[in-house]
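Have a look at the structure below before the remarks.
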Amino acid sequence: MISYRIIFAIAQKNLRIFFREWKSNMIVFLLPLIFIAVFAFAFGGDIGAVTFQVGLVGFEGDQAQVTQNILEDLQNNQDEPLLNIQTYSDEESAREAVARMDISAVLVWEGEDQRIRLIGDTFGQSFQAIRGIVSSVAGQVFFGEDLPNPVVIDPILDTERTTSGFVYLVPGLIVYGIIMLIPQVAITVAQEREKRYVFRYLTSQVRGLDVILGYLISHGLIIGFLQTTILFSAVHLFGYRSVEGFQSLIPALIIAVPTTLLCVGIGMFIGGVVRNSEESGNWGTIITIILGFLSGAFIQLPSDTLIGDWSLAEIIPTGQASEALRQSMQFGSSLDGMRFAYISLWAIAIVILGGFVYTKRQLHQVL
């Protein structure tokens with residue numbers, strides 16, 4: 001039989017410990033805010049108004065001239081040329097311009113094969129953007145599709161809004177902030193044994209389920225809600241605006257609930273396996289960093305499929321959470337039931353696994 005008195009007593013104890021040791025635990029709130037501030041200043045510029053520097057070599061003939069005219073007519077969302085085009089007499093001089101970083105890419109027209117060859121730094125973001133633009137234009141030229149003129153390029157689909165790299169990163173940064181709960185929970189769970197709380201649980205006939213539910217209330221609901229509120233407030237403080245205002249935040253807030261519970265489960269699992277609080281914190285930090293990068297908080301992951309049609313970001317539940325937040329906050333989409341169910345199933349499984357490990361390795365092995 002579930003004892004609500006015991007569960008709420010454990011949750012109250014966890015909250016007292018958290019706020020009593022606020023100097024060390026505030027990192028859960030402060031570190032994500034620092035990341036948000038850094039990325040806001042570093043990537044807050046308007047990428048919709050970017051003009052890319054491009055060189056052309058050998059664009060001769062009717063079809064080449066049509067392609068060049070279309071490329072010259074492309075505009076960004078500030079009605080400025082999307083591509084600043086320079087013509088070079090030979091490929092060697094164009095390559096030298098790329099090496100000097102005067103231009104981001106060279107487009108070489110190969111008349112016999114009727115194709116465009118791109119030269120540039122394949123790891124550069126500008127080159128990747130130019131490749132996508134040129135592929136779209138070339139496909140429409142070669143396959144005879146009509147191309148509107150001028151073309152407005154804007155990755156967020158709303159040409160009246162300012163678009164920046166920070167806008168794209170916001171959902172991932174919010175998820176990363178939630179993931180910061182993992183090391184904090186791992187440390188707290190490991191300290192249960194070091195501070196002899198586990199012995200008190202045993203003598204008071206507290207069950208593992210009571211402890212698990214207590215942590216879900218204290219960290220998953222109360223601290224998680226406070227953290228999520230701070231994160232959403234912070235990104236708006238730094239100029240982020242959702243497409244549909246507060247209405248588009250509702251699906252994002254719903255997605256944040258199972259994501260928070262998932263992180264609590266992972267923290268309980270680590271704290272159950274590693275009994276030393278310092279080691280638990282280290283492992284929790286490692287898992288946090290890995291999940292942060294794999295969830296797309298800092299970089300865009302490759303879309304190569306690993307299992308069936310699923311990419312790495314789609315397999316990882318925190319990656320699904322980042323994409324769900326991006327769809328609702330930046331595109332105004334409604335709650336994605338499939339993503340919510342997927343994250344929730346992972347959360348339930350991890351919480352059960354974390355609770356089982358904690359019960360077996362901590363609660364039943366006090367001595």
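On a predicted model such as this, the values are computed, not experimentally measured, just so you know. Below, all heavy atoms of this structure are taken into account, side chains as well, without hydrogens, waters or symmetry copies.
At a threshold of 4.5 Å between non-hydrogen side-chain atoms, the residues Thr67 and Phe59 count as touching. Side-chain contact between Ile36 and Leu231 is present, with at least one heavy-atom pair separated by less than 4.5 Å. Side chains of Glu110 and Ile116 form no contact here, defined as non-hydrogen atoms less than 4.5 Å apart. Leu31 places a side-chain heavy atom less than 4.5 Å from the side chain of Met180. Put simply, the side chain of Leu173 does not reach to within 4.5 Å of the side chain of Val235, judged on heavy atoms. You'll find the side chain of Ile223 reaches within 4.5 Å of the side chain of Leu181, heavy atoms only. The side-chain heavy atoms of Ile255 and Leu335, taken from C-beta on, include a pair separated by under 4.5 Å. The shortest side-chain heavy-atom distance between Leu56 and Gln68 falls under the 4.5 Å cut-off.
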Verdict with reasoning, Ile212 to Met268, per side chain to side chain contact (heavy atoms under 4.5 Å, CB included):
CA-CA 8 Å; Ile212 296 168; Met268 292 197 68; 3.9 Å; yes

Begin with the C-alpha distance, continue with both residues' side-chain angles, and end with the deciding distance and a verdict on side chain to side chain contact (heavy atoms under 4.5 Å, CB included) for Tyr358 and Val273.
CA-CA 7 Å; Tyr358 171 82; Val273 173; over 6 Å; no

Intermediate values then yes/no, side chain to side chain contact (heavy atoms under 4.5 Å, CB included), Leu213 and Leu216
CA-CA 5 Å; Leu213 293 177; Leu216 291 180; 4.2 Å; yes

Side chain to side chain contact (heavy atoms under 4.5 Å, CB included) evaluation trace for Thr318 with Leu294
CA-CA 8 Å; Thr318 49; Leu294 296 183; over 6 Å; no

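Grouping the Ile, Leu, Val, Met, Phe, Trp and Tyr side chains by contacts below 4.5 angstrom, directly or via other members, places Phe293 with Ile316. Residues Ile352 and Ile10 do not share a hydrophobic cluster, defined by chaining ILVMFWY side chains whose heavy atoms lie under 4.5 Å apart. The cluster map of Ile, Leu, Val, Met, Phe, Trp and Tyr, joined by side-chain heavy atoms under 4.5 Å apart, puts Ile6 and Tyr4 in the same cluster. Neither Leu237 nor Met26 shares a network with the other; the hydrophobic side chains, linked directly or stepwise wherever heavy atoms of I, L, V, M, F, W or Y lie under 4.5 Å apart, form separate groups for each. Follow the hydrophobic side-chain contacts under 4.5 Å out from Ile217 and you never reach Ile348; the two are in separate clusters.
Phe18 and Phe29 have perpendicular rings, their planes meeting at more than 60° on a 0 to 90° scale where under 30° would count as parallel.
Using a distance-only test at 3.5 Å, with no hydrogens or angles considered, a donor-acceptor pair links the side chain of Ser280 to the main chain of Val274. One N or O on the side chain of Gln320 and one on the backbone of Glu314 form a donor-acceptor pair closer than 3.5 Å.
Contacts of Leu345 classified as side-chain contact (heavy atoms from CB on, under 4.5 Å), with partners at least two apart in sequence or in another chain: none. A search for side-chain contact (heavy atoms from CB on, under 4.5 Å) contacts involving Gln12 returns Arg16, not counting sequence neighbours. In this view, Phe340 satisfies the ring-ring contact (aromatic ring centres under 6.0 Å, His included) rule with no residue, not counting sequence neighbours.
Atom CG of Asn84 sits about 10.0 Å away from atom CD of Glu72, to the nearest 0.5 Å. Rounded to the nearest 0.5 Å, atoms CD1 (Ile290) and CD1 (Ile182) are 10.0 Å apart. Atom-to-atom distance recorded for Leu107:CG and Arg117:CZ is 10.5 Å, nearest 0.5 angstrom. Distance CG/Leu74 to CD1/Ile85: 8.0 Å, rounded to 0.5 Å. Distance check, rounded to the nearest 0.5 Å: CZ of Phe19 to CG of Leu226 gives 6.0 Å. To the nearest 0.5 Å, atom CG of residue Asp102 and atom CD of residue Gln53 are 9.0 Å apart.
Residue pairs meeting the side-chain hydrogen bond (donor to acceptor under 3.5 Å, both in side chains) criterion with at least one partner in residues 253-271, sequence neighbours excluded, are absent. Legend: side-chain hydrogen bond (donor to acceptor under 3.5 Å, both in side chains) pairs involving residues 219-232, not counting sequence neighbours, sorted by first then second residue: Gln184-His219.
Clustering of Ile, Leu, Val, Met, Phe, Trp and Tyr side chains at separations under 4.5 Å places Ile103 together with Val57, Tyr88, Val98, Val106, Val108, Ile119.
Heavy-atom neighbours of Glu21 CD from other residues, nucleotides or ligands within 6.0 Å: above the threshold of 12. Heavy-atom neighbours of Phe225 CZ from other residues, nucleotides or ligands within 6.0 Å: at or below the threshold of 12. Dense packing is recorded around CG of Asp90, with more than 12 heavy atoms of other residues, nucleotides or ligands lying under 6.0 Å away. Annotation: Phe238, atom CZ; neighbour count of heavy atoms from other residues, nucleotides and ligands within 6.0 Å is above 12.
Smallest separation of non-hydrogen atoms from Ser277 and Ile187: O-CG1, 3.7 Å. Among all heavy-atom pairs drawn from Leu15 and Ser218, the shortest one is CD2-O, 3.7 Å. Shortest non-hydrogen contact noted between Gly214 and Ala11 is O-CB, 3.4 Å. Summarising the geometry of Ile270 relative to Trp283, their closest heavy-atom pair is CG2-CB, 3.9 Å, with the distance given to 0.1 Å. Pairing each heavy atom of Ile343 with each of Pro317, the nearest pair is CG1-O, 3.7 Å. Contact between Leu253 and Phe232 at its shortest, heavy atoms only, is CD2-CE1, 3.8 Å.
Look at Arg95 and Glu92 and you find no salt bridge, because none of the NZ, NE, NH1 or NH2 atoms lies under 4.0 Å from a carboxylate O.
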